[in-house]
J.: 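This is the structure, below, for whatever I ask next.
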Amino acid sequence: MKSNFWKLMISIVLVSLLITACGGQAATEAPAPVEPAAPAEEPAEEPTEAPMEEPAGPITIGASLPLTGRMSEPGTAAKQGYEVWAAFVNANGGILGRQVELTIIDNASDQDTAVADYEKLITVDEVDFVVGPFSSFLVIPTSEVAARYGYAFVEPAGGAPDVFNRGLTNIFFAQPAPGDEQAIPFTDFVIALPDDTRPTTFAVVSQDDPFTIGVMDGVKDALTAAGIELVFDEIYAPETTDFSAIAIQVADLDPDLIVGGTQLEDTIGQIRAYQDAGYQPRLAFFTTGPSLPGPFREGVGEATEGVFAAISWFPEAEEYQNADMVAGYLEMFGGEMGDIPEDVANAFTVGQVLQQGVEAVGSVDNAALIEELHQGTYQTVVGPLSFNELGQPQGTFMLLQWQGDTFAIVGPGERARAEPIVPKPSW
Amino acid sequence: MHLPSWNVLIQVAVIGILTGGVYALMATGLTLIFGVMRVINIAHGAFLILSAYISYWMFTAYGLDPFLSVIVSVPLLFVIGLIFQRYVLSRVQGDPGLGVLLTFAMALTLEGLMGSLWESTGRSVRTAYTSNVFVIELSDITLRLPWVRVGGLVAAVIALLSIFLILSRTNLGRAIRATIQNRSAAQLMGVNVERVQAMTFGISLGTVAAGGAMFSLIWTFNSGSHEEWISKMLSIIVLGGMGSLPGAFLAAIIMGLAESVAAVVMSSYLSPIVFYLILFITLIFRPQGLLGVKVREE
Amino acid sequence: MDNLRRWWKPTALLILLAYPWIFRAPYYHVLGFNVMLFATMATSWNIMGGYTGYKSLGHSAFYGLGAYFVAIAANQLGWNPLVSAPFLALIVALVAVILGWIMLRTSGSAFVISTIAMLLIFRLTALNLREITKGAPGLSQPLPPWTPEFSRMPFYYYMVVWLIIALFVSWYIRRSRFGLGLVAIRDDEGKAEMVGVNTTLYKILAFGVSAYFVALCGGVWSYFTSHISPVFAFDIIVGVDMILMTMLGGLGTLWGPVLGAFILIPTSDLILFTFGSSTIYLAIIGVLMMVVIIFLPKGILPTIQQWIQDRRAPRAAHQGALSMAEMHGLTDDSPSVEEEIRHD
């Protein structure tokens with residue numbers, strides 16, 4: 001009996017292989033994956049003039065965010081941004097006359113979970129649109145999922161080079177500039193310094209994250225081209241908490257400028273380690289951390305003084321709907337205006353771009369939306385945004401420096417509201 | 001690979017030794033458990049993090065300095081250890097393979113619970129003296145010794161001396177040593193082995209509590225950190241000789257030093273590999289470690 | 001009863017094949033894929049952990065290696081993963097044989113720890129070889145060429161096929177001399193050596209075979225998920241899941257690992273879904289594992305088998321029934337010391 005059984009098994013194995021092969025064949029006749037095969041549920045004939053012949057339900061928007069895990073702080077801020085936006089839009093007539101309904105899932109800063117979340121949102125929940133998670137690290141794999149199903153992917157925080165170099169056309173990064181250009185205002189500032197304060201040496205200490213590496217590469221290129229010598233360049237694992245070995249080496253070399261490719265926790269970790277090692281740079285820049293006013297101050301106390309970072313937004317900015325966003329945030333979440341994290345604004349921007357894009361298209365149609373987003377210019381809380389064919393935004397960041405209890409915008413050009421302090425006071 | 005300057009090497013070596021002291025504190029309990037129960041307590045790292053969280057919590061909620069809150073955390077963890085051994089671990093007494101898996105499961109459980117309670121934000125205890133440093137100038141080399149790390153080493157020495165005293169001067173200690181040497185013989189001599197095991201686990205977690213307090217001052221941690229730390233501690237006790245306390249201390253210092261130096265000679269990204277390689281090589285080629293007695297693996 | 005024995009396998013297979021057409025939402029296809037994937041890996045692990053008694057906690061090292069080899073081959077050489085995986089898995093199996101030759105000089109807990117060390121070394125290496133693996137951010141692969149409607153089905157069927165193959169290999173080993181030798185090693189390695197079993201060779205071979213399917217699964221997974229990173233490819237939890245499933249279903253049995261996978265995957269999915277966050281999930285898995293280890297150390301199948309025997313045969317014939325069951329490979333019972341004494 002047993003050998004008959006196995007003969008049966010083997011024949012079924014062969015048959016299954018045949019099925020798989022045929023299924024693959026038939027399906028391969030369809031063209032490349034990036035073709036926007038729009039999901040079949042939404043009828044494409046929304047009237048473009050005054051809304052609602054049929055009682056259309058809400059427009060559903062799905063997102064997976066790191067609400068726990070190593071990116072939980074900015075992830076939660078992004079969630080708040082999406083929520084503030086949804087509330088604001090719904091209070092003002094919705095999109096195309098329809099209310100917006102958000103579904104946000106926690107991916108625990110885990111790529112696999114994020115990918116599964118978007119699969120579920122698209123194929124099981126069948127949301128109309130998806131918006132992106134926080135960080136290039138999560139955007140990279142999840143954008144593939146959206147591409148697979150032909151969904152537009154407007155995202156608040158994925159600007160690393162690897163986000164844009166994979167041949168996907170559905171990604172739109174809703175910040176003023178892509179990651180590797182984020183530090184341009186800073187490098188310009190450094191290069192333009194007078195000889196007595198201009199650094200001659202610098203060090204780069206970055207976590208192994210696509211976004212931070214992207215920013216660091218941009219900084220390295222600009223500064224070395226201007227003749228400033230790179231004396232130390234180290235990458236560490238994202239979860240590193242002990243920077244003593246690195247700090248000791250940096251302190252020994254004593255570069256004028258320290259540039260950190262960091263998220264919040266390692267910014268704090270690095271600064272503390274430098275303090276322990278007795279390293280006092282004349283200039284310091286970190287990619288994230290200084291832009292999160294509350295936690296950064298709490299983490300390093302008065303060592304914040306004089307630290308630089310790039311930022312896309314600040315609460316008093318006079319940009320489109322910014323006042324509404326700030327008011328909405330304070331009403332929903334309380335606190336002080338000065339404590340609102342930048343990521344809230346980035347998520348809100350995503351919503352704005354989405355809304356304006358969908359309204360320009362006039363219907364719930366991802367394919368048309370993708371095409372529209374490559375062409376239009378959109379008014380947002382971080383300024384006017386437009387995207388090139390890769391989905392990269394075409395603007396610039398602002399440069400901030402901590403002065404006193406909070407930070408001030410010190411560049412570029414006319415956007416400055418305070419004078420930068422050089423050199424940095426001891427931390 | 002590059003050779004850093006003398007300054008850096010010496011500074012890094014000193015930090016490495018200080019760190020090794022704290023490692024010793026953490027690893028001692030682990031080797032003790034193995035010696036008495038022949039079980040590899042994979043949950044040791046998770047208990048360490050738990051202690052760190054307790055210290056953190058007592059500091060943020062009550063302002064209690066970790067050096068002081070050990071008065072609470074050590075007995076607390078002692079009791080937890082006793083209960084865990086008596087009612088959970090003892091059930092898989094005969095089978096070391098199952099023991100490893102069980103303690104691993106415990107580690108997962110702890111990680112899950114801690115993560116739910118305290119979320120994943122990195123925590124650490126920042127006191128007024130956290131950034132303070134002893135500065136020592138020797139000829140043309142400046143040594144900077146963070147207070148918290150020196151404190152950690154001092155605490156480690158005190159704790160280890162206490163363990164040593166317990167083991168050598170008390171009846172319980174004698175019973176423990178007898179059980180380590182030869183379990184069945186000890187039983188025949190009238191030692192209540194179950195009780196000894198429970199007490200040992202309790203003492204072991206007690207040292208972990210002290211270790212956790214120091215840990216919370218020096219490093220940042222979250223619920224997932226235990227994996228990294230148990231790997232380090234396993235490497236240490238294997239190198240030292242599983243079951244040997246002086247071995248654990250020696251190995252801890254060596255590892256602390258090796259890790260620190262590797263971070264500047266190779267890169268800090270790659271430096272943990274020192275632990276894993278030493279672990280791997282020791283297990284295969286000299287399983288009794290530096291000071292351990294050759295044990296017949298069952 | 002006889003009809004059940006005869007027809008349950010073909011029926012089960014039919015259900016498996018029809019499953020994606022009954023449950024059409026891609027979510028179910030993903031679930032099915034995961035079950036097939038882990039059933040295959042657990043079956044594979046069982047060859048080393050169950051039959052031979054060497055429980056490797058770091059087996060996901062091979063999963064990660066398979067994943068990276070396939071991903072790199074797909075990117076650099078354009079090899080279709082579904083075709084390349086079975087071949088690249090051979091290379092990983094070779095690596096396992098070499099490592100096994102080193103590691104299997106130890107036994108018991110030392111072996112377990114060395115497998116963990118092995119896993120961590122691979123992970124750290126993958127993180128640091130950034131030119132090849134792209135480090136922590138991870139490595140992407142081209143998407144599969146078939147249209148979204150089929151999206152996960154091909155993966156599912158592919159794994160059904162490989163599960164059958166793995167089960168076949170496992171079954172074949174059991175009834176072969178090789179398998180007998182493995183069980184002898186598990187029961188008493190010293191004795192096995194004395195009786196003439198080439199324990200070193202057998203252990204290394206078993207290790208290599210058990211690594212093969214796990215590596216293949218890793219390769220398929222990398223294609224499935226399109227994006228892999230060292231922390232997740234070399235994740236210890238994958239290895240733990242393999243062990244948990246096998247132990248749950250029945251360590252050393254043929255179908256135990258499969259049963260374990262069928263139970264554990266949907267359950268853990270349900271848990272994740274209900275509680276949302278990953279930390280509660282970990283706690284529950286941990287507790288589940290402890291419960292299984294303490295109360296069901298033999299796993300479900302052997303416990304059921306025991307129970308059936310105890311009802312059929314009175315206590316006096318217990319020993320006889322036990323030997324029968326062992327012959328059929330349905331338990332992995334070695335009589336405990338107490339039982340030995342009692343029967344004297």
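Just so it is clear, the values below take in all heavy atoms, side chains as well, and ignore hydrogens, waters and symmetry mates. Every chain is numbered from 1 and lettered A, B, ... according to where its sequence line falls, protein lines coming before strand lines.
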J.: Looking at E194(B) and R91(B), is there a salt bridge between them, counting it only when a charged N and a carboxylate O are closer than 4.0 Å?
T.: no
J.: Count the heavy-atom pairs under 4.5 Å between each of N128(C), V240(C), I293(C) and chain B, then report the option with the highest count.
T.: N128(C)
J.: Any idea which of I116(C), I284(C), T106(C) has the most non-hydrogen atom pairs under 4.5 angstrom with chain B?
T.: T106(C)
J.: Is there a donor-acceptor contact under 3.5 Å from the side chain of S223(B) to the main chain of M114(B)?
T.: no
J.: Test your reading of the model: is there a side-chain donor-acceptor pair from T31(B) to the backbone of G243(B), 3.5 Å cut-off?
T.: yes
J.: Which region of S267(B), side chain (C-beta onward) or backbone (N, CA, C, O), has a non-hydrogen atom less than 4.5 Å from a non-hydrogen atom of chain C, or is it both or neither?
T.: side chain
J.: Report which part of L119(C) has an atom under 4.5 Å of a heavy atom belonging to chain B: side chain, backbone, both, or neither.
T.: neither
J.: Under 4.5 Å from any heavy atom of chain B, what part of L244(C) do you find: side chain, backbone, both or neither?
T.: neither
J.: At a 4.5 Å cut-off on heavy atoms, which part of L98(B) comes close to chain C: side chain, backbone, both, or neither?
T.: both
J.: Take K203(C) and E193(C) through the salt bridge (charged side-chain N to carboxylate O under 4.0 Å, His left out) test and state the conclusion after the steps.
T.: CA-CA 12 Å; K203(C) 284 190 295 185; E193(C) 186 81 47; over 6 Å; no
J.: Looking only at heavy atoms and a cut-off of under 4.5 Å, which of T125(C), I113(C), V287(C) has the most pairs with chain B?
T.: I113(C)
J.: Between F104(B), Y276(B), F275(B), which has the largest tally of heavy atom pairs under 4.5 Å with chain C?
T.: Y276(B)
J.: With a 4.5 angstrom heavy-atom cut-off, is it the side chain or the backbone of F122(C) that approaches chain B, or both, or neither?
T.: neither
J.: Which atoms of L288(C) are under 4.5 Å from chain B, going by heavy atoms: the side chain, the backbone, both sets, or neither?
T.: neither
J.: Less than 4.5 Å apart, side chain to side chain, heavy atoms only: is that true for F221(B) and Y56(B)?
T.: yes
J.: Using 30° and 60° as the class limits, which term best fits the ring planes of F207(C) and H59(C): parallel, tilted or perpendicular?
T.: perpendicular
J.: Identify which of L270(B), T282(B), V92(B) forms the greatest number of heavy-atom pairs closer than 4.5 Å to chain C.
T.: L270(B)
J.: Name the member of L110(B), L101(B), V88(B), L113(B) that forms the most heavy-atom pairs with chain C at distances under 4.5 Å.
T.: L101(B)
J.: Exactly one of L139(C), I228(C), L127(C), L129(C) should register a side chain to side chain contact (heavy atoms under 4.5 Å, CB included) with K134(C). Which one does?
T.: L139(C)
J.: Mind running side chain to side chain contact (heavy atoms under 4.5 Å, CB included) on T28(B) and F249(B) for me, showing each step along the way?
T.: CA-CA 7 Å; T28(B) 298; F249(B) 187 80; 6.0 Å; no
J.: Could you check if a side-chain atom of F285(B) sits within less than 4.5 angstrom of a side-chain atom of F280(B), using non-hydrogen atoms only?
T.: no
J.: Can you say whether I243(C) sits under 4.5 Å from chain B via the side chain, the backbone, both, or neither, judging by heavy atoms?
T.: side chain
J.: Checking L234(B) against chain C: side chain, backbone, both or neither under 4.5 Å from a heavy atom?
T.: side chain
